[in-house]
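Here is the structure we will look at.
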There are 4 protein chains.
Amino acid sequence: MAGACRNGFKALKTIIEYSTQAVGFESVLNTVKLVEGGGGRCVCEMRVTDVLQNRGGTLHGGVTCTLVDAVSTWALLGSEDPVTGVSVDLNVSFMKGAKVGEDILIDAQTLKRGRRLAFLSVDITNKADGSLLAQGKHTKYIGA
Amino acid sequence: MAGACRNGFKALKTIIEYSTQAVGFESVLNTVKLVEGGGGRCVCEMRVTDVLQNRGGTLHGGVTCTLVDAVSTWALLGSEDPVTGVSVDLNVSFMKGAKVGEDILIDAQTLKRGRRLAFLSVDITNKADGSLLAQGKHTKYIGA
Amino acid sequence: MAGACRNGFKALKTIIEYSTQAVGFESVLNTVKLVEGGGGRCVCEMRVTDVLQNRGGTLHGGVTCTLVDAVSTWALLGSEDPVTGVSVDLNVSFMKGAKVGEDILIDAQTLKRGRRLAFLSVDITNKADGSLLAQGKHTKYIGA
Amino acid sequence: MAGACRNGFKALKTIIEYSTQAVGFESVLNTVKLVEGGGGRCVCEMRVTDVLQNRGGTLHGGVTCTLVDAVSTWALLGSEDPVTGVSVDLNVSFMKGAKVGEDILIDAQTLKRGRRLAFLSVDITNKADGSLLAQGKHTKYIGA
């Protein structure tokens with residue numbers, strides 16, 4: 001079990017590096033670091049930088065959504081039976097801003113993985129004080 | 001009325017240029033062109049380029065969400081009584097992919113603007129055939 | 001085409017009567033009247049009564065959600081190729097209350113119907129003044 | 001602290017009885033039993049009965065939504081500084097059905113309570129095996 005998670009972690013690390021260093025939109029997340037992963041879960045850490053900010057000097061909502069999308073997708077890819085799929089519905093509630101310079105944790109977990117659909121939930125928190133910044137949900141179609 | 005909309009259009013054009021050319025996350029939308037604007041509505045056009053793609057070669061869901069967030073915010077900023085506010089809830093349903101090279105239209109309208117809350121809806125369509133690619137909703141807190 | 005819609009209307013009328021008069025939760029909607037239907041759309045009318053109210057004397061949010069769920073499901077059932085399916089995601093934005101005694105219109109349309117998934121949108125308006133009370137979205141899995 | 005929760009429990013029990021026994025839509029939840037409450041949380045239990053079913057013989061999605069709405073509202077009412085407010089956005093993901101005769105647990109917690117907005121999350125599980133049936137979120141405006 002711990003071994004499976006270890007493998008999941010290594011595989012996820014490779015997937016995330018590949019995804020965020022290739023040409024494509026996930027390169028906006030190229031400062032993301034994997035903290036924990038495997039078994040349908042993926043936890044990452046990221047510092048809010050000036051290229052990720054909105055006009056108010058805090059994390060742009062589009063980044064929050066991109067994190068919900070990408071990190072939950074990595075959670076599915078980091079399971080023992082990896083799968084990708086396509087997004088069906090994604091929603092985010094914004095509870096608190098994150099200023100440039102602050103570190104955030106993105107914790108994605110698989111709520112349910114069925115034959116056709118996967119349901120994922122993502123908590124984004126302030127690393128320093130643990131306060132909840134945003135919560136997202138992501139439904140993916142994973143059937144053939 | 002037409003004059004007000006004209007002014008709204010010019011003001012919006014400036015706002016969008018300012019937002020997408022400054023340092024910050026909206027620079028990922030720096031190829032967006034304003035098509036129609038003013039009176040609480042904002043319609044933009046954008047080509048799907050390789051920096052906006054996912055691993056499948058289509059528009060990344062994070063871009064879709066960023067468009068829902070930004071273009072609906074511009075719709076509020078382009079009204080006669082401009083306001084910005086902060087995001088409360090955002091959701092997107094993904095109906096169809098958009099390939100690299102395709103042009104998309106992003107049409108944001110204000111469903112309701114109250115004293116404290118604004119409700120916005122965004123349709124993203126394929127410019128060539130008019131098919132609906134995604135539909136988003138965005139609730140903002142605009143109170144003092 | 002008009003004939004197909006006519007048939008759709010009659011079929012829907014029977015379906016709605018059957019659904020709201022049998023033992024089950026849709027009996028809470030037994031005062032709903034079909035206004036227009038067929039071709040993937042379903043428009044109903046209903047008066048807000050005291051059994052549908054919240055403690056504030058307006059339409060309960062649970063009724064709003066039930067209307068989004070049921071009327072969009074009827075829209076799918078009233079198409080030329082009727083299908084039912086199961087709910088995947090449902091969301092509602094609440095813009096304005098409806099008082100006991102007021103009449104509301106519930107207008108459900110099919111945004112996209114694919115092989116596996118159907119995306120539906122529902123506008124709930126005040127019949128007297130046309131103001132938007134709530135907007136809902138409903139994603140259903142319709143695959144085998 | 002434990003005393004405060006105890007008081008919260010008693011207060012909530014009265015509120016729930018009052019809400020579900022008066023004339024109004026929450027009477028559809030009149031078989032709900034309070035399991036735990038106070039401090040911004042509310043856990044209830046309910047058996048799926050035939051009046052709550054859909055045509056497929058499982059819990060109707062409209063009931064699921066009504067539970068998300070009501071039980072999260074009770075969570076806010078059962079806090080040390082009770083507040084009610086109005087719904088802004090509500091969404092539900094449906095993961096698994098619940099058959100007539102099964103018992104379900106509805107666990108609502110306050111994710112964040114600010115000055116103007118409250119964010120709540122609701123997990124609905126099968127009591128017997130703990131499997132997640134649905135997850136909902138509810139955003140309320142609680143400002144004056």
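Reminder, nothing fancy here: chain letters follow the sequence lines and each chain counts from 1.
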#### Entry: Pairs of heavy atoms under 4.5 Å with chain C: top-ranked of D/Leu67, D/Val88, D/Leu52, D/Thr139
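Option with the top pair count is D/Val88.
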### Summary
Counting heavy-atom pairs under 4.5 Å with chain C, the top scorer among D/Asn91, D/Val100, D/Thr66, D/Asp89 is D/Asp89
### Task
May I ask you to name which of C/Leu29, C/Thr84, C/Thr64, C/Val63 has the most heavy-atom pairs under 4.5 Å with chain D?
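Max contact count across the listed options: C/Val63.
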### Query
Got C/Asn54 and D/Glu26 here, is their nearest side-chain heavy-atom distance under 4.5 Å?
no
#### Entry: Engaged part of D/Ser27 at the chain C interface, taking heavy atoms whose separation is under 4.5 Å
neither
Please report the closest heavy-atom contact between [X] and [Y], naming both atoms and the distance.
| X | Y | answer |
| --- | --- | --- |
| D/Val23 | C/Asp50 | CG1-O, 3.8 Å |
| D/Gly61 | C/Asp69 | CA-OD2, 3.4 Å |
| D/Leu90 | C/Phe94 | CB-CE1, 3.8 Å |
| D/Arg55 | C/Thr73 | NH2-CG2, 3.7 Å |

### Message
Rounded to the nearest 0.5 Å, what separates atom SG in C/Cys65 from atom NE2 in D/His60?
### Response
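Atom-to-atom, C/Cys65:SG and D/His60:NE2 are 11.5 Å apart.
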### Task
Could you list the residues that satisfy side chain to side chain contact (heavy atoms under 4.5 Å, CB included) with C/Val86, not counting sequence neighbours?
C/Tyr141
### Task
Check each of C/Val28, C/Val51, C/Thr49 against D/Phe25 using the side-chain contact (heavy atoms from CB on, under 4.5 Å) test, and report the only one that passes.
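For D/Phe25, the side-chain contact (heavy atoms from CB on, under 4.5 Å) check succeeds only for C/Val28.
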